[in-house]
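Shown next, in structure tokens, is the structure this report addresses.
Computed from a prediction, not measured in an experiment: that's the story for all the values here.
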Amino acid sequence: MDVNKILKSNKPLALESKTIIHLMLVHQSISEKTTEALKPFDVSIQQFNVLRILKGQNGKAANLSTLNERMVSKMSNTTRLVDKLILKDFVKRTVCEENRRKIEIFITKKGKEELLKMSNAMLAMEKELLKDVNTEDLITLNKLLDKLNTDK
């Protein structure tokens, strides 16, 4: 990916600026490919993330704050995401019997079945996206990205 070519600029960019712009362009491309992979299932990237979190609960209930804490992209509209998944019968929401103020969220059987299909589509997209990158490069890339962690 030639950043200057994409930006249609002949002016040289500072290496730091070029790096950040490059990361933003890669992020955008990955987001578009992820959205495309999930399109047949009529779910967003965030809804897919909620389903994966709920499946990872192994049958235990989750609540909205658990989902918010574990989301890849933190957002305040988790309630709306869950509501949309309920309409699709991918998750169910119940009131906790011990604490009536607590809402418990579970993935449904249908949600697990659809998540498996979604995960397969995502795996295929990831393999295609990374087909020209070897394991050693991926390890190096992850080490470099760890250095860029902005949540330190």
Side-chain angles (χ1 to χ4, degrees), residues 1-58 61-93 103 105-152:
M1 177 182 294
D2 185 340
V3 174
N4 281 55
K5 198 177 213 179
I6 290 169
L7 297 177
K8 296 178 172 59
S9 172
N10 294 329
K11 183 179 159 188
L13 290 167
L15 184 58
E16 294 82 357
S17 297
K18 182 177 180 176
T19 302
I20 298 300
I21 292 168
H22 205 151
L23 287 168
M24 290 168 38
L25 290 167
V26 169
H27 172 265
Q28 183 62 33
S29 175
I30 292 170
S31 292
E32 289 169 4
K33 287 175 177 27
T34 302
T35 299
E36 188 178 314
L38 293 172
K39 191 174 186 177
F41 307 100
D42 191 32
V43 296
S44 67
I45 297 166
Q46 293 83 7
Q47 289 171 339
F48 174 70
N49 191 204
V50 167
L51 289 171
R52 286 178 43 173
I53 293 166
L54 291 173
K55 183 178 179 286
Q57 290 289 107
N58 296 314
N63 56 42
L64 291 174
S65 66
T66 301
L67 295 176
N68 268 329
E69 288 169 10
R70 296 185 184 171
M71 291 287 291
V72 171
S73 55
K74 310 290 183 217
M75 52 180 36
S76 59
N77 62 355
T78 310
T79 302
R80 198 182 91 230
L81 291 174
V82 170
D83 288 343
K84 288 182 177 186
L85 291 169
I86 289 170
L87 290 174
K88 295 173 185 175
D89 193 31
F90 290 173
V91 303
K92 66 180 178 178
R93 179 176 38 213
I103 301 296
I105 305 162
F106 299 90
I107 189 168
T108 63
K109 182 180 182 205
K110 180 180 179 184
K112 288 178 187 175
E113 291 167 355
E114 290 299 305
L115 179 59
L116 180 60
K117 295 174 193 172
M118 291 176 217
S119 295
N120 288 335
M122 291 292 287
L123 186 59
M125 180 273 302
E126 291 166 2
K127 284 186 180 205
E128 176 61 25
L129 188 66
L130 298 171
K131 68 181 182 219
D132 296 327
V133 185
N134 65 37
T135 303
E136 186 179 314
D137 289 340
L138 288 173
I139 291 168
T140 301
L141 177 59
N142 275 277
K143 285 179 182 176
L144 291 170
L145 292 172
D146 283 343
K147 288 183 177 184
L148 289 175
N149 184 354
T150 58
D151 292 336
K152 291 180 189 174

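The side chain to side chain contact (heavy atoms under 4.5 Å, CB included) test applied to I86 returns V82, D83, V91, R93, not counting sequence neighbours. With sequence neighbours excluded, the residues forming a side-chain hydrogen bond (donor to acceptor under 3.5 Å, both in side chains) with K131 are E128, listed by chain and number. For the side-chain hydrogen bond (donor to acceptor under 3.5 Å, both in side chains) test, residues two or more places apart in sequence or in another chain that qualify with R70 are Q57. The side chain to side chain contact (heavy atoms under 4.5 Å, CB included) check on S31 picks up H27, with sequence neighbours excluded. With sequence neighbours left out, the side chain to side chain contact (heavy atoms under 4.5 Å, CB included) criterion links N134 to E136, D137. The side-chain hydrogen bond (donor to acceptor under 3.5 Å, both in side chains) check on S65 picks up N63, with sequence neighbours excluded. Residues satisfying the side-chain hydrogen bond (donor to acceptor under 3.5 Å, both in side chains) criterion with E126, sequence neighbours excluded, are absent altogether. Residues satisfying the side chain to side chain contact (heavy atoms under 4.5 Å, CB included) criterion with T19, sequence neighbours excluded, are L15, L23.
Residues Q47 and L38 have side chains not in contact (no heavy-atom distance under 4.5 Å, counting atoms from C-beta outward). Inter-residue side-chain proximity for M122 and M125 is flagged as met; some heavy-atom pair is nearer than 4.5 Å. Contact check for I103 versus L64: no side-chain heavy atoms found under the 4.5 Å cut-off.
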Show me the donor-acceptor pairs, under 3.5 Å and distance only, between side chains in residues 107-116 and residues at least two apart or in other chains.
{"unit_1": "T108", "atom_1": "OG1", "unit_2": "D89", "atom_2": "O", "d": "2.6"}
{"unit_1": "T108", "atom_1": "OG1", "unit_2": "F90", "atom_2": "O", "d": "3.1"}
{"unit_1": "T108", "atom_1": "OG1", "unit_2": "G111", "atom_2": "N", "d": "2.9"}
{"unit_1": "K110", "atom_1": "NZ", "unit_2": "K88", "atom_2": "O", "d": "3.3"}
{"unit_1": "E114", "atom_1": "OE2", "unit_2": "K117", "atom_2": "NZ", "d": "3.0"}

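Partner of N68 under the side-chain contact (heavy atoms from CB on, under 4.5 Å) criterion, chosen from N77, T78, I53: T78.
Screening residues 24-39 for salt bridge (charged side-chain N to carboxylate O under 4.0 Å, His left out) gives no qualifying pairs among residues at least two apart or on separate chains.
For the pair A37 and A121, the tightest heavy-atom approach, listed with the atom from each and the gap, is O-CB, 3.9 Å. Taking each heavy atom of N49 and M71 in turn, the nearest pair found is OD1-CA, 3.3 Å.
Rounded to the nearest 0.5 angstrom, E69 CD and L67 CG are separated by 9.5 Å. L25 CG to I30 CD1: the interatomic distance, rounded to the nearest 0.5 Å, is 11.0 Å.
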message: Using side-chain contact (heavy atoms from CB on, under 4.5 Å), reason through I20 and E16 one step at a time and then give a plain yes or no.
response: CA-CA 6 Å; I20 298 300; E16 294 82 357; 5.7 Å; no
